[in-house]
Amino acid sequence: MIRVREAILVEGRYDVNTVRQVVDAVVLETGGFRIFNNKDQLRLLRRIATARGLILLTDSDGAGFVIRNYIKSTLPPGSIKQAYIPDINGKERRKRHGSKEGKLGVEGMRPEVILQALRRAGATFEEEGSEPAIHHAPITKADFYEWGLSGRPDSAKRRAAVLHALDLPAHMTANALLDFINAVGTRVEIEQIIQQIGVGD
């Protein structure tokens, strides 16, 4: 599978699943319009965009462009790339009714369409001889469990200590923390933090 260096931001969880089947990348979701009222999420996206770049891949309907333009206006110039899917009429299989505008969203796109959108956006593909980037094995939910950051009686307390060390919002979920670390950190860094603050086994 082709690896993309930048993080990719889509609207919802079904979009995340679709994109992850096409490329090896950190794929994040806005939660639709919820992004407008989530200052903590915007703060995290700003850090991720600055650290590795961010590709916006929203639906091609009006709502997708509202979200796209809002994010573009709040993140640092030059840290965002814009990926656009074409207008294709239809509806996703899981939906009873199509979107208001009758267009397929990201989740309904064929793999080759998503790849083309990313190429046009200027995504950094490792396979194409782009300047090398150092990649590390992604941190998983199993790692979190091993470190005591999820699935244990005192996991919330341990996770809070890691969030504090990383200067992240205290109410972040384990999944959100996992996404953030895989976007901007490394296994070595998180293991050092765990060792320093003494939250490991």
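Fair warning: this is a prediction, and the values are worked out from it, not measured in the lab.
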J.: Of all heavy-atom pairs between Arg20 and Val27, which one has the smallest distance, and what is that distance?
T.: NH2-O, 3.1 Å

J.: Tell me whether Gln41 contacts the main-chain N or O of Glu29 through its side chain, where contact means a donor paired with an acceptor under 3.5 Å.
T.: yes

J.: So, is the end of the Arg152 side chain (NZ or CZ) under 6.0 Å from the ring centre of Tyr145 and within 45° of the ring's axis?
T.: yes

J.: Can you give me the closest heavy-atom contact between Ser60 and Pro86, atom names plus distance?
T.: OG-O, 3.7 Å

J.: For Met1, does its backbone N or O pair with a side-chain atom of Asp24 as donor and acceptor, under 3.5 Å?
T.: no

J.: Look at the side-chain heavy atoms of Ile, Leu, Val, Met, Phe, Trp and Tyr, link any pair under 4.5 Å apart, and say whether Val113 and Phe65 land in one connected group.
T.: no

J.: Look at the rings of Tyr70 and Phe36 and say which category their plane angle falls in: under 30° parallel, 30 to 60° tilted, over 60° perpendicular.
T.: perpendicular

J.: Please evaluate residues Arg3 and Val23 with respect to the criterion side-chain contact (heavy atoms from CB on, under 4.5 Å), reporting the C-alpha separation (whole Å), side-chain torsions for both, the decisive distance (0.1 Å), and the verdict.
T.: CA-CA 6 Å; Arg3 188 190 296 269; Val23 292; over 6 Å; no

J.: Examine distances only and state if a side-chain atom of Lys81 and a backbone atom of Gly122 form a donor-acceptor pair shorter than 3.5 Å.
T.: yes

J.: Determine whether Gln82 and Leu57 satisfy the following criterion, side-chain contact (heavy atoms from CB on, under 4.5 Å), listing intermediate values before the conclusion.
T.: CA-CA 7 Å; Gln82 303 277 357; Leu57 180 62; over 6 Å; no

J.: Where do Thr30 and Leu45 land on the side-chain contact (heavy atoms from CB on, under 4.5 Å) test, with the steps shown first?
T.: CA-CA 10 Å; Thr30 67; Leu45 289 175; 5.6 Å; no

J.: If you look at every heavy atom in Leu54 and Leu75, which pair is closest and at what distance?
T.: CD2-CD1, 3.6 Å

J.: With distance as the sole test, does Asp143 use its side chain to make a donor-acceptor pair with the main-chain N or O of Thr140 at under 3.5 Å?
T.: yes

J.: Identify the heavy atoms of Val26 and Asp179 that sit nearest to each other, and give their distance.
T.: CG1-O, 4.2 Å

J.: Is the side chain of Arg46 donor-acceptor paired with the backbone N or O of Thr74 at a distance under 3.5 Å, no angle test?
T.: yes

J.: With no hydrogens and no angle check, just 3.5 Å: does a side-chain donor-acceptor pair link Thr18 and Asp15?
T.: no

J.: Pick out which of Asp87, Asp59, Asp61 makes a side-chain hydrogen bond (donor to acceptor under 3.5 Å, both in side chains) with Lys103.
T.: Asp87

J.: Walk me through whether Ile190 and Trp147 qualify under side-chain contact (heavy atoms from CB on, under 4.5 Å).
T.: CA-CA 10 Å; Ile190 190 64; Trp147 294 329; 3.5 Å; yes

J.: Test your reading of the model: is there a side-chain donor-acceptor pair from Arg5 to the backbone of Ala123, 3.5 Å cut-off?
T.: no

J.: Please check if the number of heavy atoms outside Arg43 that lie under 6.0 Å from its CZ is greater than 12.
T.: yes

J.: Output the distance between atom CG (Leu56) and atom CD (Glu11), rounded to the nearest 0.5 Å.
T.: 10.5 Å

J.: Are the side chain of Arg120 and the backbone N or O of Tyr84 linked by a donor-acceptor pair below 3.5 Å?
T.: no

J.: Rounded to the nearest 0.5 Å, what separation is found between the CG atom of Asn17 and the CZ atom of Arg13?
T.: 8.5 Å

J.: About how many Å separate CG of Leu168 and CG of Asp40, when rounded to the nearest 0.5 Å?
T.: 9.5 Å

J.: Does a side-chain heavy-atom distance below 4.5 Å link Val162 with Leu149?
T.: yes

J.: Would you say Leu28 and Tyr14 are hydrophobically clustered, going by side-chain heavy atoms of ILVMFWY under 4.5 Å?
T.: no

J.: What is the minimum heavy-atom distance between Ile139 and Leu178, and which atoms define it?
T.: O-CD1, 3.3 Å

J.: Please name the pair of heavy atoms, one in Ile71 and one in Leu9, separated by the smallest distance, quoted to 0.1 Å.
T.: CD1-CD2, 3.4 Å

J.: Test the Arg119-Phe125 pair against the cation-pi criterion, namely NZ or CZ under 6.0 angstrom from the six-membered ring centroid and within 45° of the ring axis.
T.: yes

J.: May I ask you to decide if Lys157's main-chain N or O and Asp154's side chain share a donor-acceptor pair within less than 3.5 Å?
T.: no

J.: Within this structure, what is the CD-CD1 distance for the pair Glu107 and Ile114, rounded to the nearest 0.5 Å?
T.: 10.0 Å

J.: Decide yes or no for Ile181 and Phe144: does some side-chain heavy atom of the first lie under 4.5 Å from some side-chain heavy atom of the second?
T.: yes

J.: Measuring from Thr58:OG1 to Asn69:CG, what's the distance to the nearest 0.5 Å?
T.: 8.5 Å

J.: Could you tell me whether the side chain of Glu6 and the main chain of Thr124 form a donor-acceptor pair under 3.5 Å?
T.: yes

J.: Within the distance-only criterion (no hydrogens, no angle test), does the side chain of Arg68 pair as donor or acceptor with the backbone N or O of Ala83 below 3.5 angstrom?
T.: yes

